[in-house]
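A, B, ... follow the sequence lines: proteins, then strands. Residue 1 opens every chain.
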There are 2 protein chains.
Amino acid sequence: MRKITINDIAKELGVSASTVSRALRDSYEISTATKKKIMAYAKQANYHPNPHAISLRERKSKTIAVVIPDISNYFFTQALYGIEQVALSNQYHVLVYQTHDQLQTEIEFFNHFQNGRVDGVLVSPANNPDRSFEHIERMSEMIPVVCFDRVEPSLQMPYVTCNDYDSSFKATEQLIKKGCKRIFFIGISDIIPVIKLRLNGYKDALKKHGMPILQEDIVMCDAAQLLAERVRWLLAKPTRPDGLVSAVERYTFTVYDVCNELQLKIPTHLRIISFSNTPYAHLLNPSLSTVVLPAGEVGKSASEILFRKINKKDTKFESSNITLNCVLTFRGSSA
Amino acid sequence: MRKITINDIAKELGVSASTVSRALRDSYEISTATKKKIMAYAKQANYHPNPHAISLRERKSKTIAVVIPDISNYFFTQALYGIEQVALSNQYHVLVYQTHDQLQTEIEFFNHFQNGRVDGVLVSPANNPDRSFEHIERMSEMIPVVCFDRVEPSLQMPYVTCNDYDSSFKATEQLIKKGCKRIFFIGISDIIPVIKLRLNGYKDALKKHGMPILQEDIVMCDAAQLLAERVRWLLAKPTRPDGLVSAVERYTFTVYDVCNELQLKIPTHLRIISFSNTPYAHLLNPSLSTVVLPAGEVGKSASEILFRKINKKDTKFESSNITLNCVLTFRGSSA
DNA sequence: CTGTTAGCGCTTTCAT
DNA sequence: ATGAAAGCGCTAACAG
């Protein structure tokens, strides 16, 4: 089956290409008769317009890019649900890019977005120790860009985030209430703002309750393997911690493994509460106390802001930052 | 920052557009001097070609579509890793589409793929009771299409699948070996070939061991809610089953919930083994016996076949079907 | 109501 | 070694 163009239809029906174009877009200046004839023919010939020609001509791609660290993270898959929903209702397509938390990869992706490949970008930036955001800033001068979750408030663009500080504060307090005397914290890097917020909530809760903040109780790692070693070392100490606030779901599971290995019982020897969006938290052994981010809502809000900007309904970004609330659920791991 | 084109560069440097085009593609017919000048200018001006213009002109989009039922399924996220890897190495972009197992949604997506939006499609088809595959067949007459996991061997296109029959057979035998007297099976629909294969493996294992195949022990549902009801009913019977082979990961968790609700102990009252790709199977309560599909490999193989066809290295599909092997791991839930 | 024409940004003959 | 021109498929003045 060969690809059929507007010119093929025009020739076949003895009219001009512009007539076909207008008819197919249901223009008022075409007679009902020709319109019907053309539409019928197009349908039976299974005509679909060439999207590149349209994009070139119209200067828009009807496509957005979503740049995230990792698609196998439940938070991001759920966020993608929300994004997809909004994109489809705007008749847009979605390109998905995983950075695997590598800045260089992210930069390369952004280079591809220029000159019309996409009309907008949703990004949850990669771990960025150098704090080099030129690629994001440059992009946002050309097309709308909205950050979510991993937001950089210093960047001049809208963002959607959660009450990570408060949630972490409350989570830590819960462990204290349950009797924990020494609580440690795990994350990726305090350079990542959302991790920093969770860390600060943890620290302030300790402070409020007159507990010391130990440097060795703050474990930041960008690889699960390294984290396992650090945690193993920490939990093997005679004066080991008896509580954990985890900012990273998959690291929590690493800690579960280390506890099994060291024969430490959760929650008897270690109470745990974790930021996590897995729907199976309640089925774990023991069931996991969680801080759940409203992932779908985050994706939905972020893309709504994006499309408002793409459709030029909104030009100022100052008012469009949004903060959504997490849900804390206490289960066996912190009992 | 305005978008810069090849003409802008040409004008700025006092050469023609074709010279710029040739220089940027490192053509041998351009002098080293002009080449250098043009490349330097393009770089500092942060020039990137308009992909739609190239796609229109070259008649290819450098983009593939991946159509899957559900992105929050670990099998598919892992498959996407493999796909992404191969796509990037071919300098291709990836459009992701979720059908949510709705045929109509899938058909609409496929309509968008015509006329050059994508150069190829990887698809794991939606549940399709009507068995209407015209949209896939029509597409594969225009561009390369490769199926994976949810394959339809009757379709004239290459596919990558797993040894689902054998794996299911072995899984069932394991339960029998452990002493199960009555084993039930859960899935989405036996219209889906991969589910059918797993069902047949289950049936044949029962047959081999002289166990009856009861119709009420084959539970097919396309919604977790319905499944919960059916399973609740089945497990509340006085003559309830004492074993389960689950073809669907998320349904397995539904069964865990129902067991908790009915105060049935796994594996004491019900032994379970499940097709599942969650990396946290060993952390569940009890730990879950699994049949793990080599998801990354599936994605990688399928996209390699696809790109072989896109790059015209391969025109015949007969030889390119691939079957990969699952890994069975027995844990607490079937002990 | 319909056709002619120009042009979106790029590549590629065909000249020179 | 470089430029002029045509054309990928489509839309939108402009003309009639």
Side-chain angles (χ1 to χ4, degrees), chain A residues 2-39 41-42 45-63 91 112-119 142-143, chain B residues 2-39 41-42 45-63 91 112-119 142-143:
Chain A
R2 235 193 88 272
K3 282 164 190 167
I4 172 170
T5 77
I6 234 171
N7 287 302
D8 299 332
I9 300 181
K11 205 162 293 173
E12 190 65 34
L13 263 44
V15 294
S16 78
S18 37
T19 302
V20 176
S21 172
R22 282 188 270 246
L24 291 175
R25 341 189 73 237
D26 203 21
S27 160
Y28 68 98
E29 19 175 30
I30 302 292
S31 76
T32 327
T34 19
K35 232 187 241 179
K36 270 210 179 109
K37 186 177 61 172
I38 290 173
M39 282 177 163
Y41 184 84
N46 193 32
Y47 167 78
H48 289 268
N50 182 315
H52 305 300
I54 295 180
S55 297
L56 184 58
R57 172 73 219 217
E58 308 271 273
R59 303 182 138 70
K60 58 182 163 146
S61 61
K62 287 282 200 171
T63 305
Q91 316 238 56
H112 285 296
F113 299 160
Q114 302 189 36
N115 268 296
R117 181 181 297 277
V118 297
D119 299 342
M142 311 181 72
I143 55 175
Chain B
R2 236 193 86 274
K3 280 163 191 168
I4 173 172
T5 76
I6 235 171
N7 287 302
D8 300 332
I9 301 181
K11 205 161 292 172
E12 190 64 35
L13 264 44
V15 293
S16 78
S18 32
T19 302
V20 177
S21 173
R22 281 188 270 247
L24 292 174
R25 343 191 73 238
D26 203 23
S27 160
Y28 68 97
E29 23 176 28
I30 302 293
S31 75
T32 327
T34 21
K35 233 187 241 179
K36 269 208 178 111
K37 188 176 62 171
I38 291 172
M39 281 179 165
Y41 184 85
N46 193 33
Y47 168 78
H48 289 268
N50 182 313
H52 305 299
I54 295 180
S55 296
L56 184 58
R57 170 75 218 215
E58 309 273 273
R59 302 182 139 68
K60 59 180 164 155
S61 61
K62 288 278 200 176
T63 305
Q91 317 239 56
H112 286 295
F113 300 160
Q114 303 191 35
N115 269 296
R117 180 180 298 277
V118 296
D119 299 342
M142 311 181 74
I143 56 175

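For B:Arg59 and D:dG9, the shortest distance from a side-chain N or O to OP1 or OP2 is below 4.0 Å. Close to C:dC10, at under 4.0 Å from its OP1 or OP2, lies a side-chain N or O of B:Tyr47. Taking only side-chain nitrogens and oxygens, B:Arg25 never comes nearer than 4.0 Å to OP1 or OP2 of C:dC10.
Considering only side-chain atoms of A:Glu58, the nucleotide from D:dC10, D:dA12, C:dT11 that sits closest is D:dA12. Proximity note for B:Ile6 (side chain, C-beta onward) versus D:dA12, C:dC8, C:dC10: the nearest is C:dC10. Of the candidate nucleotides D:dG3, D:dG9, D:dC10, D:dG9 has the atom nearest to the side chain of A:Leu56. Taking the side chain of A:Ser18 as heavy atoms from C-beta on, and the options C:dG9, C:dT4, C:dT11, the nearest nucleotide is C:dT4. Closest to the side chain of B:Ser16, from the set D:dA4, C:dT4, C:dG9, is D:dA4.
The environment of A:Gln91 atom CD is sparse: at most 12 non-hydrogen atoms of other residues, nucleotides or ligands sit within 6.0 angstrom. Heavy atoms from other residues, nucleotides or ligands lying under 6.0 Å from NZ of B:Lys60 number 12 at most.
Minimum heavy-atom separation, B:Ile143 to B:Val118: CD1-O, 3.7 Å.
Side-chain contact between B:Tyr41 and B:Ile4: present, with at least one pair of heavy atoms (C-beta onward) separated by less than 4.5 Å.
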**Request:** Kindly determine whether B:Asn46 and A:Gln114 satisfy side-chain contact (heavy atoms from CB on, under 4.5 Å), including the steps that lead there.
**Result:** CA-CA 9 Å; B:Asn46 193 33; A:Gln114 302 189 36; 3.2 Å; yes
**Asked** Does the pair B:Arg117 and A:Thr63 meet the rule for a side-chain contact (heavy atoms from CB on, under 4.5 Å), with working shown?
**Response** CA-CA 11 Å; B:Arg117 180 180 298 277; A:Thr63 305; 4.1 Å; yes
**Request:** Before giving the answer on side-chain contact (heavy atoms from CB on, under 4.5 Å), spell out for B:Asp8 and B:Lys11 the whole-Å C-alpha distance, their side-chain angles and the decisive distance to 0.1 Å.
**Result:** CA-CA 5 Å; B:Asp8 300 332; B:Lys11 205 161 292 172; 5.8 Å; no
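One can place CZ of B:Arg117 at 14 Å from C1' of D:dG9, the figure rounded to the nearest angstrom. Counting to the nearest Å, the C1' atom of D:dT2 and the CG atom of B:Asn7 are 15 Å from each other. In this structure, the NE2 atom of B:His48 is 16 Å from the P atom of C:dG9, given to the nearest Å. Here the P atom of nucleotide C:dC8 and the CG atom of A:Asp119 are 19 Å apart, to the nearest Å. Note: NZ (A:Lys3) to P (D:dC10) measures 12 Å, nearest angstrom. Rounded to an integer number of Å, the gap from B:Ile4 CD1 to C:dC8 P is 15 Å. Atom C1' of nucleotide C:dC10 and atom CG of B:Asp8 are separated by 13 Å, given to the nearest angstrom. With rounding to whole Å, A:Asn115 atom CG is found 8 Å from C:dG9 atom P.
A:Ile54 comes within 4.0 angstrom of the backbone, heavy atoms only, and of no base. Using a 4.0 Å heavy-atom criterion, one finds that A:Arg22 contacts the bases of the nucleic acid, with or without backbone contacts as well.
Judged by atom type and distance alone, B:Arg57 does not reach the base of D:dG9 through any side-chain donor-acceptor pair under 3.5 Å.
Between B:Val15 and B:Ala53, the residue anchored closer to the 5' end of DNA chain D is B:Val15, taking for each the nucleotide with the nearest heavy atom.
Of the candidates B:Asn7, B:Thr5, B:Leu13, B:Ile9 forms a side-chain contact (heavy atoms from CB on, under 4.5 Å) with just one, namely B:Leu13.
Against DNA chain C, the stretch residues 27-36 of chain A makes heavy-atom approaches under 4.0 Å through A:Glu29, A:Ile30, A:Ser31, A:Thr34.
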